[in-house]
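Numbers restart at 1 for each chain; the letters A, B, ... are given by sequence-line order, proteins then strands.
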There are 2 protein chains.
Amino acid sequence: MTGVRTATLDDVARAAGVSRATASRVVTGQGPASPRARDRVTAAVAALGYVPDASARALVTRTGTRLAIAVIGHTAAVLDDPYVGRVLTSAAHVAAEREVGVSLHWLPLADPGSLARLADGRGLGGLVVVNPTRPALETVPRTLRGRVAAVGVGARHVPSFDVDNRAGTDGVVRHLVRTGRHRIAMVTGPSWLPCGDRAVDAYRRVLRDSGGEPRVVTGDFTAARGAKAAVEIMARWPDTDAVFALSDLTALGVLDGLHALGVRVPGDVAVAGFDDIAFAGLSRPALTTSTHPVEDIAAAAAQAVLDRRDTSGATFYPSALVVRDSA
Amino acid sequence: MTGVRTATLDDVARAAGVSRATASRVVTGQGPASPRARDRVTAAVAALGYVPDASARALVTRTGTRLAIAVIGHTAAVLDDPYVGRVLTSAAHVAAEREVGVSLHWLPLADPGSLARLADGRGLGGLVVVNPTRPALETVPRTLRGRVAAVGVGARHVPSFDVDNRAGTDGVVRHLVRTGRHRIAMVTGPSWLPCGDRAVDAYRRVLRDSGGEPRVVTGDFTAARGAKAAVEIMARWPDTDAVFALSDLTALGVLDGLHALGVRVPGDVAVAGFDDIAFAGLSRPALTTSTHPVEDIAAAAAQAVLDRRDTSGATFYPSALVVRDSA
DNA sequence: CCCACACATGGAAGCGCTTCCACCGCAATA
DNA sequence: TATTGCGGTGGAAGCGCTTCCATGTGTGGG
């Protein structure tokens, strides 16, 4: 059944007429080796199609060479969101460039031990957590401290990479004000995600300056929630003239909900989102939003972790207003 | 610096007052163990916070326990596509349920050796390839034969899991015909993806039956290409009254291109897509398309691989027409 | 011409784990 | 009471690899 036995370093050494130690040195490029030995070993490697066994190597070097990416919040809310895909993609690229494997994990929000279990042995070189809660972050095993980075949460006690939600929100809401909107509602993210606090804060601040009343509805980053939120908002505050959602997906849902209500956008109500996902430009009306260097953020997180750089504290990336048709 | 030494199975055994062999039996749940031993070992595991080292385990069991998911076509075209995200997500779920790790790989289309290199040791339990070309598939090392499944390509010489492109296309195009459209253009997928052939074939067949002329434009599954394709189509065949794109993303682009041209949808031209991505229902007009059990397909592929089931040949899944506003 | 030194090399240990095998004590059977 | 059988157990081997260490070979300087 098995039949094909894969070549081991022993086979290579034997074929090259050297010891396993020498073969190892050549293959890894560490330590001295004569040109002659080098040639013979590389030839043998090629001939036998030798590929080092990652497990065995990791076992002895203790240098787990794998980047784990954990996405917290194992729900459709997270899975459908292109934002998550962008983070994954970018982090995976960084890992691929350095030839380290990537492992993907979807962790339910409610399971506090899951992050800890993820350490599964010492196989990982680092861990990038997307949208983690603070409690979840605290369960990360001590062995991994200094090799963890969080993406998308302005947490303080772990290297955190996020867009500057405060400034981004400020920019969008000010744009709304500038274009004559004053009864602006906001659909936030899920309450367990701390990054939303900073955004809501910025929103309240702008409203205070412009003399508006805050109208906050809690969302969950889904489109479905956005549609419902639109209905809620218009029922509760019928004179609303703008809705800002902290997620494009939600904003798209708002657009939909408003449309169903017969409300014209941007005529009656302006709508703005956050993230600038690919579809933001394809909706009708095209969505005004704030664009984020999501790929840069994720790449930076992955790099920090892989470099074992201990960048404690949070790094915020700038976002830029993108004015389209909806606001 | 290092400080914390993680507990090994030896530590557990010592703490529990049993041999390492017994500790291993309890931890893995394989082999006999007295209730007494079982209790003591589990207690020790909890006390020491022991987590088995995956590398060491994989090394001895030779049962690489990791599902690799490789996405071919390392371009924005692929990365932005929600379809890929859905496949990833679903496959990752299956893996998570069985407690096997997932590793993600983005492979450039042009690099034929990359799939082979992916075997990196014998660490993998299986490989799911998304949108592979036939040549790419042929480079998969012999050691992995029987542990590979392809998603999204009607290939024959590897277990392949795909939607029934033929039937799906047939359904959509017939719907177009049924609603009075006869000058129907089609935007295909990239030419290197064999699954498109079956779709084009179905399209031609329906047109032949209904007396229409085929109008085929090659696409690449991106929205940008869709927008350009719309312009090309209207320039080349100005009397076109329907466009069918083999990807929702592309269809959305077509919608956009048509809009820019001042063409009304569905008034002047009907537009239909394929895949039923989340945004299909959110566009204006909402996109008529064909819905696919992408999650089921990906899950089936992952399961087949993980079960070492050798389901050679292709399995096709049904798709269903979703009529919305655009056609 | 000999000694020292660097460099190249092979032997062997050991990473943490699973698993074969031999062993022991016990209850059930003859 | 002597034998069989079996569940529970520990010893030990070994998975494929890196790396320490001791040994061997060549070169330079004295």
Student: With a 3.5 Å cut-off and no angle check, do the side chains of A:Ser160 and A:Asp162 form a donor-acceptor pair?
Tutor: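 A:Asp162 and A:Ser160 do not have a side-chain donor-acceptor pair below 3.5 Å.
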Student: Please write out each protein N/O paired with an N/O of nucleotides 24-27 of chain D under 3.5 Å, distance rounded to 0.1 Å.
Tutor:
none

Student: Please enumerate all residues that pass side chain to side chain contact (heavy atoms under 4.5 Å, CB included) together with B:Ala16, with sequence neighbours excluded.
Tutor: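 Checked B:Ala16 against side chain to side chain contact (heavy atoms under 4.5 Å, CB included); matches are B:Val18, B:Arg40, B:Val41, B:Ala44.
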Student: Give me each pair satisfying salt bridge (Lys or Arg N to Asp or Glu O under 4.0 Å) with a member in residues 22-33 of chain A, each pair once, sequence neighbours excluded.
Tutor: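 Output for this query is empty, none listed.
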Student: Could you run through nucleotides 5-12 of chain D and give me one letter per nucleotide, 5' to 3': B if any protein heavy atom sits under 4.0 Å from the base, S if only the sugar-phosphate is that close, - if neither?
Tutor: ---SBBB-
Student: Using whole Å, what does the distance between atom P of nucleotide C:dG16 and atom CG of A:Leu59 come to?
Tutor: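 Computing the A:Leu59:CG to C:dG16:P distance gives 7 Å.
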Student: With sequence neighbours left out, what residues match B:Thr42 under side-chain hydrogen bond (donor to acceptor under 3.5 Å, both in side chains)?
Tutor: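 In terms of side-chain hydrogen bond (donor to acceptor under 3.5 Å, both in side chains), with neighbours along the sequence ignored, B:Thr42 is linked to no residue.
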Student: Mind grabbing the angle between the end helix axes of the helix from C:dC1-D:dG30 to C:dA30-D:dT1? Five pairs an end, 10° rounding.
Tutor: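 The value is 50°.
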Student: Using the side-chain contact (heavy atoms from CB on, under 4.5 Å) rule, pick out the option among B:Ile69, B:Val294, B:Val71 that qualifies with B:Val84.
Tutor: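 Among B:Ile69, B:Val294, B:Val71, the one meeting side-chain contact (heavy atoms from CB on, under 4.5 Å) with B:Val84 is B:Val71.
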Student: C:dA8 C1' sits how many Å from A:Asp39 CG, rounded?
Tutor: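 After rounding, the reported distance stands at 15 Å.
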Student: Please state how far atom CZ in A:Arg40 lies from atom P in C:dG10, giving the value in whole angstrom units.
Tutor: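 One finds 10 Å between P of C:dG10 and CZ of A:Arg40, rounded.
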Student: Once you round it to whole Å, what is the distance between P of C:dC17 and CG of A:Asp53?
Tutor: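 Distance, rounded to whole Å: 16 Å.
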Student: What is the separation between atom CG on B:Leu9 and atom P on C:dG16, rounded to the nearest whole Å?
Tutor: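 Computing the B:Leu9:CG to C:dG16:P distance gives 11 Å.
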Student: Taking only residues two or more places apart in sequence or in another chain, which ones pass side-chain hydrogen bond (donor to acceptor under 3.5 Å, both in side chains) with A:Ser191?
Tutor: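 Once residues adjacent in sequence are excluded, A:Ser191 has no partner under the side-chain hydrogen bond (donor to acceptor under 3.5 Å, both in side chains) criterion.
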Student: State which residues pass salt bridge (Lys or Arg N to Asp or Glu O under 4.0 Å) with B:Asp10; sequence neighbours excluded, sorted by chain then number.
Tutor: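 With sequence neighbours excluded, B:Asp10 shows a salt bridge (Lys or Arg N to Asp or Glu O under 4.0 Å) to B:Arg20, given in chain and number order.
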Student: So, for B:Phe316 and B:Val163, which heavy atoms are closest and what is the spacing to 0.1 Å?
Tutor: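 In terms of heavy atoms, the two residues are closest at CD2-O, 3.6 Å.
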Student: Can you list the residues that meet the salt bridge (Lys or Arg N to Asp or Glu O under 4.0 Å) rule with B:Arg14, with sequence neighbours excluded?
Tutor: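 Salt bridge (Lys or Arg N to Asp or Glu O under 4.0 Å) list for B:Arg14, sorted by chain: B:Asp11.
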Student: Please tabulate, for the side chains in residues 31-38 of chain B, all donor-acceptor contacts under 3.5 angstrom to protein atoms that are two or more places apart in sequence or on a different chain.
Tutor:
unit_1	atom_1	unit_2	atom_2	d
B:Ser34	OG	B:Ala37	N	3.1
B:Arg38	NH2	B:Ala33	O	3.1

Student: Would you name the heavy atoms of B:Trp192 and B:Ile72 that are closest together and state the gap between them?
Tutor: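 Closest heavy-atom pair between B:Trp192 and B:Ile72: CH2-O, 4.4 Å.
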Student: Whole angstrom is fine here: how far is it from CG in B:Asp11 over to P in C:dC15?
Tutor: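 Rounding to the nearest Å, CG of B:Asp11 and P of C:dC15 are 11 Å apart.
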